[in-house]
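For reference, the structure is listed below as structure tokens.
Reminder, nothing fancy here: chain letters follow the sequence lines and each chain counts from 1. Just so we're clear, the structure is a prediction, and the values are computed from it rather than from any experiment.
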Number of protein chains: 2
Amino acid sequence: MNSFNLLKSIAEAHPNLRKSEQKVADFVLENPNEVIHMRIVDLASEANVSEPTVVRFCRALNYDGFQDFKLTLAQGLASNTNFEQFSLNSKDTVMEFKEKIFDSMIGNLLNIKEQLDTETVESAIDSLAKARRVEFYGFGASAPVCTDAAHKFHRLKVSSTSYSDPHMQAISAVSLDERDVVVAISQTGRTKDLLHTVKLVKDAGTTVISLCPSNTPLSDAATIPIHIDLEEDKDLSTLMSSRVLHLVVIDVLAVGVAMKLGPGLIDHLKTIKRSLRSLRQNDKRLPLRKPSSSEEE
Amino acid sequence: MNSFNLLKSIAEAHPNLRKSEQKVADFVLENPNEVIHMRIVDLASEANVSEPTVVRFCRALNYDGFQDFKLTLAQGLASNTNFEQFSLNSKDTVMEFKEKIFDSMIGNLLNIKEQLDTETVESAIDSLAKARRVEFYGFGASAPVCTDAAHKFHRLKVSSTSYSDPHMQAISAVSLDERDVVVAISQTGRTKDLLHTVKLVKDAGTTVISLCPSNTPLSDAATIPIHIDLEEDKDLSTLMSSRVLHLVVIDVLAVGVAMKLGPGLIDHLKTIKRSLRSLRQNDKRLPLRKPSSSEEE
DNA sequence: CGCTAGGTGCATGTTATTTTCAAATTAAAA
DNA sequence: TTTTAATTTGAAAATAACATGCACCTAGCG
């Protein structure tokens with residue numbers, strides 16, 4: 001992902017560059033799309049510097065040379081289909097904010113994909129796979145995430161429930177012990193009631209996996225903290241993205257558990273849909289549909 | 001997007017190429033990521049052909065020369081970070097399936113972003129903005145989506161509820177009329193109970209927005225059908241993606257409604273978090289945190 | 001069997017990139 | 001202010017990469 005931020009990193013490095021190198025930097029920042037088709041001579045003359053300076057500029061940014069730089073730039077521009085944070089203007093058309101919302105979602109997914117620590121996820125999967133019971137706790141916007149998670153783990157034949165009521169959580173919490181696992185989900189990592197419940201279950205020796213930003217009370221309290229750090233909230237981005245990110249991370253956990261418990265289970269996720277088929281309405285006039293491409297509602 | 005299909009187009013052109021050019025093609029197809037950092041000499045020797053052949057190969061594919069080809073290839077690879085459908089092998093490492101799950105999610109988002117019909121979305125937003133009450137109906141995996149949606153619309157001061165119990169749906173359904181809107185969410189578009197409820201509310205003149213695949217009974221029954229068609233289910237992809245896609249589409253609707261009801265509401269989505277602050281735990285030893293970057297749970 | 005056309009690689013020419021080194025500029029000290 | 005050292009910059013040469021012309025080879029056809 002170093003290419004992803006190339007332009008940004010040029011801008012950052014800008015002050016540390018030499019005067020004539022800055023000229024190059026300026027030109028590149030202004031016309032990145034031209035640059036990738038330019039030869040070093042062209043770029044040098046356009047930026048009013050000599051060719052060696054261009055090379056030095058590339059080296060200063062830790063590239064092997066001009067070619068390497070150009071290649072990386074090209075990649076950056078291609079991948080960088082601005083999956084950036086968005087900010088909504090009240091005069092955006094539907095088309096525009098639709099794009100913005102999707103792009104920012106995608107950008108956040110890309111970030112978390114990079115960020116997600118594999119080892120932490122592995123140990124989370126381990127403990128989930130061994131658990132006697134799994135409970136998901138979360139409030140507000142995280143409540144539906146918990147429901148969904150419990151639903152998913154159920155299919156893996158893992159005994160699981162979700163609670164978004166602090167009393168229910170507390171009641172359930174005291175019945176858990178070291179054989180169980182709690183997954184605490186929070187966008188803030190600072191919800192008092194959730195922290196309270198987590199303290200309860202930790203006292204009983206239960207493993208607590210957290211899904212929340214790092215350096216938060218919840219993250220600190222968890223046995224296995226999975227950090228979900230979004231970029232600073234530009235507008236509504238955080239609001240919308242976190243729950244989706246939580247869902248996707250839970251998908252990763254679920255698949256991991258499924259694979260651990262036996263390859264058959266992966267199929268089990270799929271086969272359940274058959275038992276649900278009777279709940280479905282087939283098209284009346286059409287011949288029988290091809291094996292449905294869908295699954296449980 | 002011509003770069004997007006570069007590898008594919010090489011494969012297509014393959015039979016039309018000369019024998020030695022095919023050797024080049026084969027090598028490129030097998031090691032695209034190496035190629036972009038190779039010099040023409042390396043590629044030539046790796047593919048066991050001469051350098052001119054490599055150039056001819058590039059020309060045959062309508063590029064100016066080797067450089068041009070390499071650049072385009074690099075771009076293609078960058079954008080094309082195979083956001084393709086995945087298929088899980090039971091021997092995948094955590095790292096591997098993590099990537100697969102995220103990539104397939106991103107791929108699906110990109111697809112739906114393209115696919116989502118702006119006009120349909122606009123009219124959905126219109127009716128939602130005018131509605132007296134909005135109700136979200138869905139079962140199984142779609143139930144949490146409904147809860148989340150209701151939650152979100154609540155913040156827009158739109159009176160909304162979600163039901164994932166067929167009886168509750170039916171009871172509530174008969175109380176609606178043409179001033180109300182129902183959003184029916186389904187991954188299959190064929191859930192009998194949901195179809196039944198939809199029939200009830202349609203009889204009362206209520207607008208029904210559906211989120212489900214096209215050409216399904218639900219989609220046909222809806223007043224405003226929003227089509228969510230995923231690629232044929234490769235493994236678990238559909239299973240995991242649809243609910244996330246539904247959530248994101250609902251985000252789009254919610255933002256649209258917020259913008260329609262008045263720009264203040266966009267802020268309202270954000271300001272609610274203040275009222276929730278008291279539910280949070282601040283770090284005990286640290287000075288007061290900077291204005292929290294988070295929001296309601 | 002020989003001829004022709006298309007395909008291939010060698011060797012060379014051309015162009016682009018990198019390095020070297022000296023000039024110039026700037027900063028620092030006297 | 002002048003001198004000196006250090007850093008920055010560009011000119012030119014060297015190197016490496018790429019493209020092209022041409023000759024050779026192979027295969028297909030008469």
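Partner of Val35(A) under the side-chain contact (heavy atoms from CB on, under 4.5 Å) criterion, out of Val28(A), Asp42(A), Leu29(A): Val28(A) alone.
Going from atom CZ of Phe57(A) over to atom C1' of dT9(D) covers 16 Å, rounded to whole Å. Distance CG (Asn16(A)) to C1' (dT7(D)): 16 Å, rounded to an integer number of Å. Here the C1' atom of nucleotide dT17(C) and the CZ atom of Phe69(A) are 15 Å apart, to the nearest Å. In this structure, Gln22(A) places its CD atom 18 Å from P of dT7(D), rounding to the nearest Å. Protein atom NZ of Lys19(B) is 10 Å distant from nucleotide atom P of dT26(D), rounded to whole Å. One can place CG of Leu71(B) at 12 Å from P of dC18(D), the figure rounded to the nearest angstrom. Here dT18(C) presents its C1' atom at 14 Å from CG of Asp68(A), a figure rounded to the nearest Å. Asp64(A) has its CG atom 12 Å from the C1' atom of dT18(C), to the nearest Å.
Residue Arg59(A) places its side chain closer to dT19(C) than to any other of dT19(C), dA16(D), dT9(D). Listed candidates were dA17(D), dG9(C), dT17(C). Nearest to the side chain of Pro52(B) is dG9(C). With dT8(D), dA19(D), dT17(C) as the choices, the nucleotide that has an atom nearest any side-chain atom of Glu51(A) turns out to be dT17(C). Checked against dT8(C), dT17(C), dT20(D), the side chain of Ile40(A) finds its nearest nucleotide in dT17(C). Side chain of Thr53(B), nearest nucleotide from dT18(C), dT8(D), dG9(C): dG9(C).
Checked for salt-bridge contact, Lys113(A) and Asp103(B) meet the test: a charged N lies under 4.0 Å from a carboxylate O.
At least one side-chain nitrogen or oxygen of Gln67(A) sits closer than 4.0 Å to the OP1 or OP2 atom of dT17(C). In this model, the phosphate group of dT9(D) is not approached by any side-chain N or O of Ser50(A) to a distance below 4.0 Å at OP1 or OP2.
By the 4.5 Å heavy-atom criterion applied to side chains, Ile112(A) and Phe102(B) are counted as neighbours.
When only modelled atom types and interatomic distance are considered, His227(B) and Asn215(B) share no side-chain donor-acceptor pair under 3.5 Å. Using modelled atom types, one finds a donor on one side chain and an acceptor on the other under 3.5 Å when comparing Thr53(B) with Ser50(B).
Of the two residues near DNA chain D, Ser20(A) and Val55(B), the one whose nearest nucleotide lies more 5' is Ser20(A).
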